Amino acid sequence: MTDRRGARIVRAEVREAPVDVAELAAAVEDRAAGAVVTFDGRVRDHDAGRGVKGIAYSAHPSAGEVVARIAAEAAARPGLRALAVVHRYGELGVGQTALAVAVSADHRGPAFEAVHDIVEEIKRRLPVWKRQFFDDGSAEWSNIA
C-alpha cells in the first residue's frame with residue numbers, strides 16, 4: 001500500500017540536458033507497483049503542414065517550482081508509488097524528447113490517468129515558450145500569452 005505521504009517524487013525538473021525516458025521508468029520502479037506508464041513527448045518534423053527543423057525552448061526562472069508543484073499534486077493521489085517529470089529547455093532537434101513523464105502505481109488505471117493529467121497540467125501551467133524553426137528558414141514563437 002502507498003505511504004500516506006504520497007508517492008515518491010524521483011525527479012521534477014526543468015533542465016537543458018537530454019532526458020532518457022527509459023532511465024526515468026527505471027527510476028520509478030517499485031516492487032509493489034503493477035504498472036509503470038511513461039510519456040515521451042518529442043519534437044516532430046512538422047506542424048500545421050509545415051516542415052520543422054527544430055525547436056528552442058525558453059523557460060521562466062519559476063519553471064522548476066511549477067514542475068515541482070505539479071509533481072507534488074500528482075504524488076498525493078492514491079495508488080501511485082513514484083513519479084518523475086522532466087521538461088527540457090534550450091535547442092532541441094527533431095526526434096529529441098522535450099517532455100518526459102514516468103509513473104509507477106499499484107494498477108494501470110491510476111498510472112495512465114496520472115501521466116495524462118501531469119502532461120496536461122505541464123502544457124497548461126508551465127512557463128515555457130517555444131520557438132519553432134521551419135524548413136523554409138522562418139521561425140515562429142508559440143505558447144506566448
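In this text, all values refer to a predicted model and were calculated from it rather than measured experimentally.
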| query | Between atom CG of D117 and atom CD of E73, what is the distance when rounded to the nearest 0.5 Å? | reply | 10.5 Å
| request: Calculate, to the nearest 0.5 Å, the distance between atoms CD1 and CZ belonging to I55 and F134 respectively. | output: 8.5 Å
| NZ/NE/NH1/NH2 to OD/OE distance under 4.0 Å, E120 and K123 | no
| task | Using the side-chain contact (heavy atoms from CB on, under 4.5 Å) rule, take R69 and E65 through it: C-alpha gap first, then chi angles, then the decisive distance, then the call. | result | CA-CA 6 Å; R69 280 196 301 275; E65 296 167 13; 4.0 Å; yes
| Salt bridge or not for R81 and D106, using N-O below 4.0 Å? | yes
| query | Quick one: CZ on R125 to OG on S62, what's the gap to the nearest 0.5 Å? | reply | 11.0 Å
| request: Assess whether side-chain contact (heavy atoms from CB on, under 4.5 Å) is satisfied between K130 and W141, documenting all intermediate values. | output: CA-CA 6 Å; K130 72 178 178 181; W141 285 97; over 6 Å; no
| field | For the student: nearest non-hydrogen atoms of A75 and I9, plus distance | value | CB-CG1, 3.9 Å
| Shortest non-hydrogen contact between P110 and P78, atoms and distance | CB-O, 4.4 Å
| task | Determine whether more than 12 heavy atoms belonging to other residues, nucleotides or ligands lie under 6.0 Å from atom CZ of R108. | result | no
| query | Would you call K53 and D45 a salt bridge, taking side-chain N to carboxylate O under 4.0 Å as the test? | reply | no
| request: Please report the shortest heavy-atom distance between A111 and A35, naming the atom on each side. | output: CB-CB, 4.2 Å
| query | Knowing that exactly one of L80, V37, V28, L83 qualifies, which makes a side chain to side chain contact (heavy atoms under 4.5 Å, CB included) with S104? | reply | V28
| query | V85 and I70: same hydrophobic cluster, using ILVMFWY side-chain contacts below 4.5 Å? | reply | yes
| field | E91, CD: over 12 other non-hydrogen atoms inside 6.0 angstrom | value | no
| said: In this structure, would V43 and V101 fall into the same cluster of hydrophobic residues linked by side-chain contacts under 4.5 Å? | reply: yes
| query | Do Y57 and V14 belong together in a cluster built from hydrophobic side chains that touch within less than 4.5 Å? | reply | yes
| request: Mind checking the CG-OG1 spacing from L92 to T97? Nearest 0.5 Å is all I need. | output: 8.5 Å
| said: When you group the ILVMFWY residues by side-chain heavy-atom contacts below 4.5 Å and let the links chain together, are V119 and L24 in the same group? | reply: no
| query | Taking atom NE2 of H107 and atom CD of E113, what is their separation to the nearest 0.5 Å? | reply | 12.0 Å
| said: Using the rule that Ile, Leu, Val, Met, Phe, Trp and Tyr join whenever any side-chain heavy atoms are under 4.5 Å apart, tell me whether V52 and F133 fall into a single cluster. | reply: no
| request: Run the numbers on H60 and V128 for side-chain contact (heavy atoms from CB on, under 4.5 Å), then give the verdict. | output: CA-CA 6 Å; H60 188 273; V128 170; over 6 Å; no
| message | One pair to check against side-chain hydrogen bond (donor to acceptor under 3.5 Å, both in side chains): S142 and R131. What are the steps and the verdict? | response | CA-CA 6 Å; S142 61; R131 187 170 189 208; over 6 Å; no
| field | Closest heavy-atom pair and its distance - A25, T38 | value | CB-CG2, 3.7 Å
| said: Which residue in the set I118, I122, V19 passes side chain to side chain contact (heavy atoms under 4.5 Å, CB included) when paired with L99? | reply: I122
| note | Taking every heavy atom of V21 against every heavy atom of A100, the minimum-distance pair comes out as CG2-CB, 3.7 Å
| note | Heavy-atom closest pair (D136 atom, S138 atom, distance to 0.1 Å) is OD1-OG, 2.6 Å
| task | Determine, stepwise, if the pair F39 / H116 fulfils ring pair (Phe, Tyr, Trp, His ring centres under 6.0 Å). | result | CA-CA 8 Å; F39 173 79; H116 174 270; 9.7 Å; no
| Roughly how far, to the nearest 0.5 Å, is the CZ atom of R44 from the CD atom of Q96? | 15.5 Å
| If you measure from the Lys or Arg side-chain nitrogens to the Asp or Glu carboxylate oxygens, is any gap between E13 and R88 under 4.0 Å? | no
